[in-house]
Amino acid sequence: MIQSEKQIDALTELINIAFGKAASSLSELTRHRVFLETPKVTMFPMNELKGSLQNYIKGDITTVHQIFQGQVAGDALLLLNYEGAVALTNLLADRSMNENHLNSASQEALIEIGNILLNACLGTFGNLLEVQIMFSVPRLNLQGLTAMLDSLTIENEELRFALIVATKFRLRDSEIIGYLVIILGVASLDRLLRVLDTLG
Amino acid sequence: MSTRMNAYEIQTSTGKMQNKLFFDKALLQLLETIEEQGIFTTDAEFKIQHWNLWLENLTGYPAGSIVGRSILEVYPDLSARNMDEYFSMALKGQVSVLSQRFHRYLIPITVRSADSQPAYMQQCIKIAPLSENNTIVGTITIIQDVTERVEREKALVQEVEINKAIAELSKMLLSPVTIDDISSIVMHFAKQLTSSSFGYIGYRDIRTGSLVSSSPTDDVWNICPAHDRNTVLNEFYSLWGWVLERRSSVIINKPSDDPRETKSTDHFIKTFRFLASPAKIGNELVGQIALANSGRDYNDQDLSIIERLAGLYAIAIQRTRMEEELRSLSLIDALTGLYNRRGFETLAKQQIKTAERMKKGLFLIFGDLDDLKKINDTYGHKAGDTALVETAKLLREAFRESDIIARIGGDEFVILGIESYRIKNNIFLQRLNKQFATFNEHEARSFLLSISLGIAEYDPDNPCSYEELLCRADAGMYDVKKRKTEHIA
């Protein structure tokens, strides 16, 4: 399924709005200014996802994973490399000392951050599509990319597509690059694209 | 990862369909049996439907008294803290995770913390939609008590910070850092690690026996009028004295425990809490670290921190003392590389004894660099140092390697020649004068070098002591200098 430039543009704009919301709730929560750069949106068939993500993220990967269900269903992931995840939680912690690992408190904080970003993003989709989307409780995975992606595709019955939204977070002068990945089935993607076309 | 089961895990382990991850009413019976976390559900109007045993026990609200009431009404501060939003979001299908780091707690439950002070339970919260036949009918909230874990993590972080501080200090002890610098760094760490707002550190001066406060911290310094060092000392005088008398660490968290209450004097800094440890080498008291007014009570950990710091501080003091001792043992003048007074004395006495036995003559020249004070005052001490170094160089060039040349005081130089002065007559003085003249002529200096010399001769047939010889040369130099001044006047 090949998308038109127009569709991608509309999607980018949509996600941009969603992220604006995410950034404001994140900065409200952390009491720091949060900048999210304009997200870059790309789309891949599921089987090409791993290859393209490996280009983006090197080393250990930290994932916040939320499943969503409803008329549009799929998986939403916040991907950070491990160092980025540690840096992000260090920035948000009110203390001078920097840690080099994620302790339980940092892991929970990271789940909350992921939850905010994913909620903002998918919530906007839901509002736009005028369907109710239900979310699972987010989970944090500290495993390798392959293991994480395999866990998504075990019950893959229909052909799935991955929407990759690459963004840079900037907090307190530091730059952390994170990726939001939304994996949709063909039916859900169809619905999404149709709505985008009517908006265009 | 927590070993506790949470609702999420129960669901995935009981249901085979991985995608069905949402809470429904069928699960509630199972969830209510879980004793390790708080679980409550509400309907779409936020009226409490289920309130589990854990919550009953900890909040003091029996389920019977609370079911049917709105959670926002039972805990009005939820709305005040914008927590009601998360319940509204759950009705729209969104799940919220509220981590302890950003939210501390959802429902205020008082527990005892590690230092036995009552505190709010630290909570990790999940608020999710509750569904029935794929329709959202209310919300479910799961509260996990993470107080213990948070405290453990805090303790761990503090341990790491302490170790970092100790490691950094240990590293400094191996490098040439002055005692004042070490004092201020020890103080910095001591204040930071015990969250103290005031601190005071000092070491015992080995010559006078009194405590020297090397670096009152800025806050102490600023609070005392006119930045008067005496005031600063008085401010902590009784505290110092007390710990010094006891020769052991002190923790005071209540002013009424403070023995100084009885001999109270006017203090600028009101001391609420106080922590101090003496620094000792063996049984000898060499210094002290004192801290005051942390925002919380001082505890045993603070005490162990400050004692460890005091231990390192004692090593630093000891090292400084040894360095001073070594310096005093040195025979060489560090600035010019000539012998110092001590070196000269040792060698000269030996030479005089030899001369007496061998019946050989000696001469001693006492030189005083003219106008060093003026050079220092006019051009700064660096120029003064240069003048001394240049003079030393000229002296070395004018005399022979077998002569002993030394700087024995600020601007005082001495030369001991192993030969009868009369034989060589004025040859050294002539050579020296020429050297000075050449130097003053050629080098583009803002000041001129000149030296006044007095000469004393040692006659082996009529021996005298080193002191006498030095005294005669000094007197000779003084005459020359006096004549120079009169001449100018």
Side-chain angles (χ1 to χ4, degrees), chain A residues 25-26 28-31 64-71 73-76 89 92-116 118-123 126-127 131-142 151-152 154-155 157 185, chain B residues 1-2 6-9 11-12 16-24 82 85-86 89-103 122-131 134-136 140 142 144 146 148-154 156-162 164-165 192-193:
Chain A
S25 40
L26 199 57
E28 198 178 303
L29 184 70
T30 60
R31 291 181 209 94
V64 181
H65 176 199
Q66 253 181 307
I67 297 165
F68 54 98
Q69 273 196 333
Q71 279 164 287
D75 295 275
T89 53
L92 299 178
D94 281 329
R95 70 166 92 93
S96 53
M97 211 201 68
N98 283 352
E99 292 181 53
N100 54 6
H101 70 288
L102 290 177
N103 62 23
S104 312
S106 312
Q107 291 185 14
E108 276 161 12
L110 201 59
I111 293 176
E112 184 167 355
I113 293 163
N115 181 232
I116 290 169
L118 297 173
N119 272 357
C121 195
L122 290 170
N127 287 345
V131 292
Q132 195 162 53
I133 298 177
M134 300 235 301
F135 297 83
S136 76
V137 176
R139 288 196 91 166
L140 183 75
N141 291 312
L142 300 168
S151 76
L152 300 178
I154 289 169
E155 295 178 69
E157 286 139 20
Chain B
M1 284 283 177
S2 166
N6 64 34
Y8 177 90
E9 279 156 351
Q11 244 178 328
T12 50
K16 281 196 178 144
M17 289 170 69
Q18 234 197 346
N19 276 359
K20 286 225 163 181
L21 291 173
F22 309 107
F23 298 99
D24 58 35
N82 293 334
E85 255 177 50
Y86 298 105
M89 274 160 64
L91 288 183
K92 288 178 198 149
Q94 294 195 1
V95 172
S96 302
V97 176
L98 311 183
S99 63
Q100 174 275 336
R101 184 170 284 173
F102 299 135
H103 304 274
Q122 305 288 292
Q123 300 167 352
C124 178
I125 307 119
K126 285 159 194 152
I127 302 174
L130 184 67
S131 60
N134 273 333
T135 321
I136 296 169
I140 178 165
I142 300 168
Q144 211 180 339
V146 293
E148 240 184 85
R149 198 203 65 204
V150 168
E151 277 175 8
R152 248 194 341 263
E153 281 177 358
K154 264 191 202 152
L156 221 75
V157 166
Q158 201 184 13
E159 191 60 33
V160 171
E161 279 178 19
I162 294 165
K164 269 189 183 170
Q192 187 194 325
L193 294 173

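In what follows, every heavy atom counts, from backbone to side chain, and hydrogens, waters and symmetry copies are set aside.
Scanning all heavy atoms of the two residues, the minimum distance from A:Ala109 to B:Ser99 falls at CA-OG, 3.5 Å. Between A:Glu108 and B:Gln100, the shortest heavy-atom contact is OE1-N, 4.3 Å. The minimum heavy-atom distance between B:Ser96 and A:Asn115, with the atom names listed, is CA-OD1, 3.2 Å. The shortest non-hydrogen separation linking B:Val95 to A:Val137 is CG1-CA, 3.8 Å.
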Intermediate values then yes/no, side-chain contact (heavy atoms from CB on, under 4.5 Å), A:Glu112 and B:Arg101: CA-CA 10 Å; A:Glu112 184 167 355; B:Arg101 184 170 284 173; over 6 Å; no

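No part of A:Leu122 comes within reach of chain B, as not one of its non-hydrogen atoms sits under 4.5 angstrom from that chain. B:Ile125 does not touch chain A: none of its heavy atoms, backbone or side chain, sits under 4.5 Å away.
Taking CD from B:Gln94 and CD from A:Gln66, the interatomic distance works out to 8.5 Å, rounded to the nearest 0.5 Å. Atom CD1 in A:Ile111 sits 6.5 Å away from atom NZ in B:Lys126 (nearest 0.5 Å).
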